Number of protein chains: 4
Amino acid sequence: MSKVGFVTMGDAHSDGDAQPIGVGMLGYAFMGKAHANAYKKIAYMTWPPPLLPQLVSIAGRNEEAVSEAARRYGFEGYVTDWKQLVADERVQLFDNSGPNNLHAEPTIAAAEAGKHVICEKPLGRDAGEAYETWQRVAASGVKHMCAFNYRFVPAVRLAREIVESGALGDIQHFRGRYLQEWGATDGNIWRFDKALAGSGALGDLGAHVIDLARYLVGEIAAVSALTATFQPGREVDDAVESAVAFASGAVGTIEASRFCQGRKNHFTWEINGSAGSLAFDLERLNELQYSEGNAGFRTVLVSEADHPFWEHWWPQGHIIGWEHSFVHELHHLLTAIRDDGDVAPHGATFEDGYRAAEICDAMLRSAEQGSRETVQYR
Amino acid sequence: MSKVGFVTMGDAHSDGDAQPIGVGMLGYAFMGKAHANAYKKIAYMTWPPPLLPQLVSIAGRNEEAVSEAARRYGFEGYVTDWKQLVADERVQLFDNSGPNNLHAEPTIAAAEAGKHVICEKPLGRDAGEAYETWQRVAASGVKHMCAFNYRFVPAVRLAREIVESGALGDIQHFRGRYLQEWGATDGNIWRFDKALAGSGALGDLGAHVIDLARYLVGEIAAVSALTATFQPGREVDDAVESAVAFASGAVGTIEASRFCQGRKNHFTWEINGSAGSLAFDLERLNELQYSEGNAGFRTVLVSEADHPFWEHWWPQGHIIGWEHSFVHELHHLLTAIRDDGDVAPHGATFEDGYRAAEICDAMLRSAEQGSRETVQYR
Amino acid sequence: MSKVGFVTMGDAHSDGDAQPIGVGMLGYAFMGKAHANAYKKIAYMTWPPPLLPQLVSIAGRNEEAVSEAARRYGFEGYVTDWKQLVADERVQLFDNSGPNNLHAEPTIAAAEAGKHVICEKPLGRDAGEAYETWQRVAASGVKHMCAFNYRFVPAVRLAREIVESGALGDIQHFRGRYLQEWGATDGNIWRFDKALAGSGALGDLGAHVIDLARYLVGEIAAVSALTATFQPGREVDDAVESAVAFASGAVGTIEASRFCQGRKNHFTWEINGSAGSLAFDLERLNELQYSEGNAGFRTVLVSEADHPFWEHWWPQGHIIGWEHSFVHELHHLLTAIRDDGDVAPHGATFEDGYRAAEICDAMLRSAEQGSRETVQYR
Amino acid sequence: MSKVGFVTMGDAHSDGDAQPIGVGMLGYAFMGKAHANAYKKIAYMTWPPPLLPQLVSIAGRNEEAVSEAARRYGFEGYVTDWKQLVADERVQLFDNSGPNNLHAEPTIAAAEAGKHVICEKPLGRDAGEAYETWQRVAASGVKHMCAFNYRFVPAVRLAREIVESGALGDIQHFRGRYLQEWGATDGNIWRFDKALAGSGALGDLGAHVIDLARYLVGEIAAVSALTATFQPGREVDDAVESAVAFASGAVGTIEASRFCQGRKNHFTWEINGSAGSLAFDLERLNELQYSEGNAGFRTVLVSEADHPFWEHWWPQGHIIGWEHSFVHELHHLLTAIRDDGDVAPHGATFEDGYRAAEICDAMLRSAEQGSRETVQYR
């Protein structure tokens, strides 16, 4: 006999088991779109979801734009002053997808109002700002995550697992580059404004390389860097080039530039250990290159049932995209909130955000002074 | 002065401008998940959406599974008999994501009940079944689409645009392969059952190659094929190998196999024309290889603002995944429904589904009889 | 105390241990250059050489050209009639690097005059000619080799070793393509003249694919082929497309074309077995792609001390070129002559040359008649 | 009427037009083999050759080994003391393929004896030694070349031509790496002995990167470097990592290591200019990656009739090997000697050898002192 069923829940999207969590978001541009998409997909692609995101409210200064974003992504309402988000009792998780100059103050305020916080990178425009943000948020006792989303690319997590397993032996090298091509743009965008962005390619792209270097290889002990600004009149760096030494004895390079024609989103890194090597390219983010010993590099299409995060997705070989890193990242954060678990080590905490900022600052000092700078944490 | 706004709509997800369309879905497995995800993303990633999918009801025989799928994807209800979907007046679009043996009857019934229909490929288990499905659905006057989703990969659409522009000159070759590796699986799955699936690698994988050959190069005039079944006791083909001649005079090969170790989802094709060549690999679906004249192959990372479908997504170089082809495909269908426009030529109609089936049948006849078979449409 | 030594040998190039062998060559164009270079390099790069090639005489109809070739490559003399080569008692090895129409008669004459013979491929312009050449040469008792030089690419030999070891399990597929781009050339060259060449892309390029298919996978049982001639007025095929069945049960495709823009010398093949896969591309001839089981393809840079033929060359990673295949091939032949050993199985004999021709003929029959053709040897 | 001709020349290998030049070589190992092979191939592959190399004498301390090398490569004699080479009046070109500690003294002596000189890189074990060698040799008035052979890879020359043409616009970045994997070898080889080699990966591999950086982008103004020695007890660097600034304002990195598992001979570089980018990998040395503007990287298979050096070789797509760079290099030197022309700019002179050494020294100072070091020439 055939059956007809009704899905009788208060919210058409809820899973009977998962508890809701109210999300308030600051920002609706590039990062806002990426985060909103992730919250919506978590509800049905990661099944059962750890918590069910309720998109409560979104903040932005331009009312027309923010109200359209609210309608688009399904937020229940919007505000034009982020302080109203902080004051909103329905908001349990404050998601800061705004520009760099709006990272510290709203995030601290939200945490001090008892909300868990996720903040886009870089955590601060300099190490001091990042440090204060970390300290005050940590003191508040909430969960905090700095959105270094590339930790949540399946191939990156698999790389971490391989390194941790010891299969690469002692790590001797890390070489990371994040290269884009659009730096000659004339536009008057906030990323070129030192007061708003803090730095240029360094904080935007280089910070990602620094974070993965730390995640995959460990602490950076010293840096020797150069920066360049190619565009006349620009305040921030267009490129940074650095030799780096790790606490473990590994050495390598970290580079970032917005002046590399033909490189669309070329974040590549390579790790060499005494027993093998790994290599990665964000433009082919489903692939991990792996040389076991000196056998030569094998293309691992990271899409098999037992690969990291793949339980959420498709049969092998049906690749995922850049946006999926945010699904994994926010899923990880929601799980930590649900279980009162640790965001670290796989998620970047505000301490990680601060440490990346300290290394960025060391690179700028090195570039300015021509000295090798030891990385020191406060 | 700060503002607080409420998104006051009947449905939290609705766009004020887009009209709703009720969707009823048959099937909740691999394809069901892919289609459900697409409907949900259309609502906020393609903005404004052409129509707003309302997930009304989902059908499946296993009540526990289908009720969980309903909850998971946010359907308002579920049924265990597809006829109830057909009878549901709220359903305006019938989405058949079920196995091959459930393609014809439910789809015809839905169309004859006045619902627009999309049906997974292959349209029928053989050309006769596909023909009847096409004829009866076409007679009903509804919109119909056969889900050859690879037409909606941005690189494939770009390839079509390049071919149509004449930039390749006269097309002389098409070579397509769809290779996977899991065929030695012992499992008792419907894809190995001739009565349910119709054929093996041919209908599952080869049909995709045939459809893109037709979409990109034109009608196939004749085929000379071999099939092989490697697994003892299996009823369906494990591999098909075919030389093909196009009506235009181009020649090439079409191959499909489930017995290619290391090939996860290796759908590759190459087109050679008198003025240039194109090549594609589904495992790197964001890339199109393009040799203008004999200049050598250039990797076009199909992710720039003016590339097909890219207005919905991210800054260049931030790649998308396999699942996105369904978003584009269903967006195209919803647009055709809204505008009473044509599904063809970019969407595959049921006529395209039938034609692919006719070519599959010609390959099977050729394989059995050892003859070159002319492709003839009824 | 320092020493001064004189290398006191009759010939400044001789190795004291290696015996000389007199070489007479027919042809001084593309293949003549490749063979001459190989003989000269064998003398000092393969050390000690199996025999020391003495370049006795070279034959060609154009006296000015052949005399310059003799000077260039260091032949002691030249002749304008190949019969004088055959009559030359100093010639112990007759190297036929001439065009296809000069393969049979001079080669047979040389063998019947007691000279070992190597003949460029295709052995004959059709299977009948190849068969007679093989039979008469074999009856003469000399060593004979058909110059399918790609067997002597290190990556190809390594592939053969992997297949023979059983590491791939049962072979299920072979797919080979040899694609070039220059077919629209207007030139009045012998390769477009049916009387001189026998066939077009088939004998020139396809024969290489067929030979490696046999060398790596085994005998071909049946073929279903199409041919195409794109250039108006041309007598020979510009392209051939074929589905093939092997005696072992493996199936696949063989293709050859001179109308593929951007494909410079694109001879690629892939082998899939139940326990792994291999892939190769002549444009990257130092690399072998190897998936052990379903692990994904690993790039083996075939250049390590224990790789085939590498004892003659350089430290690992210092790659070799196309021309080196001839060094290995002729080294193999000289070794067989010195030791009265077998040319087979690694060298292609005239039987292999005949068998390739029989398969070419079967493809032409299949293309003409629209039938699957069984390959039958006389 | 058929003709029989005799090649009646004093030397069977001579071209009637080319004048002979007596070559004396120091060293018979890796580099000696590469140079000897090149001299022999120049005689018939570059036609007509600029000069005809006569292999007069070879020097080495081990009589058994050097006498075998003489026989193998066809030298007329051998000596166990390089001073006898310098004293040999038949020697017009002194080829120093010996280890680093034998670069300066013999080369200076040969030049002061009036012989043209080519010396393997690095020119000296430090900048002082290299400077003296350059100064004294230059004062002697002979032609001098430092064997930075990678300038003579066709793809590298093509890159130089593209940069010189202005097609890349202003150059903003150079990134070069030379990575190998064999550094953990225990062997007691001269390359690990500071007294013999001067430095480790820096002089062996890094010097090549530095030379191509200068050849392709221009003078290096400043370096910030780190070195590492991973192997306990080793005297020389196993790896060097450096950020570099060019006089033009371009910035980048230079790296070299012998501790990169899976990297066989991975010398890669990338150049980014305001109007395009180039990339190269020595393991695929026939390919140049070229993005015109932001079009994406096109694989140029540098093997066409009008590509650099290709007049000597084969039809397009028939690739050459690593050893061919020496043929081009020595052909260039012989041409300069014949025409009393300049070795620069395409050949590296001893001034280039000295400048590379000065940059190496600056890197070592920077590594030791932790300071950015300005490159200053004496």
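Small disclaimer: the values here were computed from a predicted structure and weren't measured. The sequence lines fix the lettering, A, B, ..., with proteins before strands; numbering per chain opens at 1.
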Under 4.5 Å from any heavy atom of chain C, what part of [X] do you find: side chain, backbone, both or neither?
X	result
B:Ala279	side chain
B:Ala184	neither
B:Val244	backbone
B:Glu270	side chain
B:Phe230	side chain

For chain B, the option from [options] that forms the most heavy-atom pairs under 4.5 Å:
options	answer
C:Ala250, C:Ser242, C:Ser257	C:Ser257
C:Gly249, C:Gly293, C:Ser224	C:Gly293
C:Glu181, C:Gln261, C:Glu292, C:Gln289	C:Gln261

If the contact rule is any heavy atom under 4.5 Å from chain C, which residues of residues 169-179 of chain B qualify, in numerical order? B:Gln172, B:His173, B:Arg175, B:Arg177, B:Leu179

Taking atom types as modelled and ignoring hydrogens, do the side chains of C:Glu255 and B:Thr253 form a donor-acceptor contact shorter than 3.5 angstrom? yes

When rounded to the nearest 0.5 angstrom, what distance separates CG in B:Asn272 from NE2 in C:His266? 9.0 Å

If I take atom CD from residue B:Glu241 and atom CD1 from residue C:Ile254, how far apart are they, to the nearest 0.5 angstrom? 11.0 Å

Does atom CD of C:Glu164 have more than 12 heavy-atom neighbours from other groups under 6.0 Å away? yes

CD (B:Glu219) with more than 12 external heavy atoms under 6.0 Å: yes

Relative to chain C, which of B:Ala222, B:Ala295, B:Gly276, B:Ala239 shows the most heavy atom pairs under 4.5 Å? B:Gly276

Most contact-rich option vs chain C, by heavy-atom pairs under 4.5 angstrom, among B:Ala275, B:Gly252, B:Gly296, is B:Gly252

Please give me the minimum heavy-atom distance between C:Lys264 and B:Asn294, naming the atom from each residue. NZ-O, 2.5 Å

Heavy atoms only: give me the nearest C:Leu226-B:Ala245 pair and the separation to one decimal. CD1-N, 3.7 Å

Chain B contact via C:Phe297 - which portion, at a heavy-atom distance below 4.5 Å: side chain

Bottom line for C:Ser291: the part with an atom under 4.5 Å from chain B's heavy atoms is side chain

Could you check whether any side-chain N or O of B:Arg372 sits under 3.5 Å from a backbone N or O of C:Ala367, counting only pairs where one atom can act as donor and the other as acceptor? yes

Please check if the side chain of B:Ser277 supplies one atom and the backbone of C:Cys260 the other of a donor-acceptor pair under 3.5 Å. no

